Structures are given as C-alpha cells and as structure tokens.
Amino acid sequence: MIINPYIYGVATSYDPDAQLFFNAEAAAGVTLTTTEMDAVNQWVVDAKAIGIWTKFKAIYPFVGSTATSQKFNLKNPLDTNAAFRLSFIGGGTHSSNGYLPNGVNAWADTFLTPSTTLTLNSQHISYYSRTNSNGTEVEMGCNNNGNSPNTLLEIRTAGTTYVSLAANGYTTYVDANSLGFYMGNRTASNVVKLFKNNTAVATSAVGSSSNPFYSIGIGALNSGTTRQFYSTKQCAFASIGDGLSDAEALALYNAVQLFNTTLGRQV
C-alpha cells in the first residue's frame, strides 16, 4: 500500500505513477487537495486502462494554484528540463482552474523539442481551453525561427482553428467557439486529424515534412529567438506524445473531461 503523504494518519492507495507526481509536489512544498489528488490518480488509472499511458511524453494537469504546483510533468515529475517540466515566463495567472496566459508576454516552455523527442509520423498535442476568444493566438507550438515546419494548435483565430504537425501546411476547422478539449493528431505521413471534444472535426492529407528543432511552447508559439501569437485561453490540461487511434482519442477526451469535471472546471 502506498501512503499518501498529504493525509496524515490515513493510508490511501494511489497508482505508483500518480504517487511519484504527488511526491514531487510535496518535495517542492506544495500541498494538493484530496480532490486534486483523486482526480489525477483516476486520470492515470484511466490512461493505463485505455492503453495510452506509454504514448505520452508530457502530461500537464495544471493542478494546484501556483507556478510551482503546475510546472510538473505527470509522466516524468522530475524538476529538470530533461523531464519536460514547465518554465513559466511572463505575467500568466495560476489558479485552481488552470494556467491563464495574458496574451502579451506569458508562456510556458516545455523544453520538449519535436526533432529529438517526437516520431515524425506519429504524434499528438492537446490543449483544454476554458476561454472563448477569437484573436490571433497560438495555444501550443513551435517552428524554426518563424519558418516552417510547424507543430502547433491555434484555436479559433478569426473563426478558424488550425493544427499543424511536423508540416508546412495546416488542417483547419471553422469553429463556433474556443471552448473544450482540442487535439491535433498525426497517425501517418498523410493523415492528420483535429479533434474537438469527442469528435474528429477535420481530417486532411497534409504531408509531414520534418519536426521543428525548437521546444514546444504553451501559451504562445515558440520560434526560437522570439515568441509569437500569445494566447489568452486558460489551459486546464495539455499533453504531448505519440499519435492515437480514433478510439484512443475518444477515450482520452472522456478521461480528461472526467478529470476536469471532478475538479469543477469542465466546459
């Protein structure tokens, strides 16, 4: 039995990987609530039951209400760049509802570089947006000094959502709002899908080119020497990893929605 260090005198059993995350939080001086820990634990249990846990490189649940509590990568909760923990830059806001960039200078560096970490023709990025906006904003992504190829999620710029994964082109969707769980997913050199919540809303044959060699940003597009298109959309979950089947993508949405519903921040 694993002892939950947050509930003194009470033996609480958690998944070992969830417990490593809780241990990292505790070592950093963070006390998560029981609800937050239960939600994280259930997400991990669900991801393993679905069979997708091993497909993630980085998972950011954005629990707690500080930069310290929200920086850890659930998949590898070490406080190092190599473990893809987040470094927050600028004036973003941290709360129990997640991480809110300010649209001006706030972003988070994942330190995860697609060219060295992601498989060219099997990859995904996801972002749970709690904000409805329609500006020119990139929620996750990177490119090479402002040049293609891109890996990005651009949720509802002038009514259109864009995804690009190791490509020079985009898969697009005319979007009525920017609320919910978005995932860009590549499963082959010529298969890209954009998911919104439980539906594949766009599919294209945009071909893969190469993976960008700068790290993926959250809250802005990381172009290496500069950042562009700062976002105003609050993030309540984000992930980076291998490509998922349609069934796995649906199951991931269900798990993420349950996670955020447990925390009372679902949209």
Side-chain angles (χ1 to χ4, degrees), residues 101 103 107 110 114-115 118-212 214 216-223 226-250 252-253 256-257 267:
W107 71 293
T110 66
S115 62
L118 298 183
T119 302
L120 181 61
N121 294 318
S122 177
Q123 56 182 270
H124 87 269
I125 55 176
S126 78
Y127 191 101
Y128 193 104
S129 169
R130 298 189 71 254
T131 304
N132 187 21
S133 64
N134 198 30
T136 304
E137 305 172 4
V138 171
E139 281 56 57
M140 291 182 73
C142 61
N143 61 21
N144 292 340
N145 279 329
N147 300 310
S148 297
N150 300 289
T151 290
L152 64 82
L153 266 175
E154 182 176 348
I155 300 172
R156 199 169 181 246
T157 290
T160 300
T161 292
Y162 300 81
V163 63
S164 185
L165 294 169
N168 299 324
Y170 300 91
T171 303
T172 63
Y173 168 62
V174 177
D175 209 345
N177 60 61
S178 60
L179 297 170
F181 183 59
Y182 289 82
M183 184 177 73
N185 190 49
R186 179 181 288 281
T187 54
S189 63
N190 61 347
V191 179
V192 177
K193 292 187 178 183
L194 171 62
F195 290 84
K196 182 175 182 178
N197 296 326
N198 59 354
T199 304
V201 294
T203 302
S204 80
V206 174
S208 58
S209 173
S210 61
N211 277 315
Y214 285 109
I216 293 173
I218 294 177
L221 178 70
N222 182 19
S223 296
T226 62
R227 257 55 58 194
Q228 298 176 288
F229 312 122
Y230 289 98
S231 178
T232 61
K233 297 180 183 69
Q234 188 173 54
C235 185
F237 182 93
S239 68
I240 307 168
D242 299 341
L244 305 178
S245 70
D246 287 1
E248 289 171 336
L250 173 59
L252 173 59
Y253 162 71
V256 171
Q257 189 68 359
V267 295

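This one's a predicted model, so the numbers in the text were calculated from it and none came from an experiment.
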- At what distance, to the nearest 0.5 angstrom, does CG of Leu165 lie from NZ of Lys193?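 Rounded to the nearest 0.5 Å, the CG-NZ separation comes to 13.5 Å.
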* Asked: If you round to the nearest 0.5 Å, how far is CD of Glu139 from OG of Ser178?
  ->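 The distance works out to 7.5 Å.
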Residue pairs fulfilling side-chain hydrogen bond (donor to acceptor under 3.5 Å, both in side chains) with at least one residue in residues 120-129, sequence neighbours excluded: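 For residues 120-129, and leaving out neighbouring residues, the side-chain hydrogen bond (donor to acceptor under 3.5 Å, both in side chains) pairs sorted by first residue read Asn121-Ser208, Gln123-Asn211, His124-Ser239, Ser126-Ser239, Tyr128-Gln257.
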With sequence neighbours left out, write down each residue that passes side chain to side chain contact (heavy atoms under 4.5 Å, CB included) with [X], or none if nothing qualifies.
X      : value
Ser204 : Thr171, Val192, Val206
Ala220 : Trp107, Arg227, Tyr230
Ser223 : Asn143, Leu221, Thr226, Gln228

Exam field: side chain [X] to backbone [Y], donor-acceptor pair closer than 3.5 Å:
X      : Y      : value
Ser209 : Asn168 : no
Thr161 : Arg156 : yes
Ser245 : Glu248 : yes
Thr131 : Gln234 : yes

With sequence neighbours left out, write down each residue that passes ring pair (Phe, Tyr, Trp, His ring centres under 6.0 Å) with Tyr170, or none if nothing qualifies.
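Partners of Tyr170 by the ring pair (Phe, Tyr, Trp, His ring centres under 6.0 Å) criterion, ordered by chain and then number, come out as Tyr162.
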- Query: Thr157 and Gly135: which non-hydrogen atoms are nearest, and at how many Å?
  - Reply: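 Smallest heavy-atom distance, with atoms named: OG1-O, 3.1 Å.
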Nearest non-hydrogen partners of Cys235 and Ala238, listed with the distance =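 The pair with the smallest heavy-atom distance is SG-CB, 4.0 Å.
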Check: Val138 and Ile155 side chains under 4.5 Å, non-hydrogen atoms: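 The answer is no; the side chains never approach within 4.5 Å.
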Under the salt bridge (Lys or Arg N to Asp or Glu O under 4.0 Å) rule, what pairs show up with a residue in residues 201-211, not counting sequence neighbours?
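Of all non-adjacent pairs touching residues 201-211, none passes salt bridge (Lys or Arg N to Asp or Glu O under 4.0 Å).
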Please evaluate residues Phe195 and Tyr253 with respect to the criterion side-chain contact (heavy atoms from CB on, under 4.5 Å), reporting the C-alpha separation (whole Å), side-chain torsions for both, the decisive distance (0.1 Å), and the verdict. CA-CA 9 Å; Phe195 290 84; Tyr253 162 71; over 6 Å; no
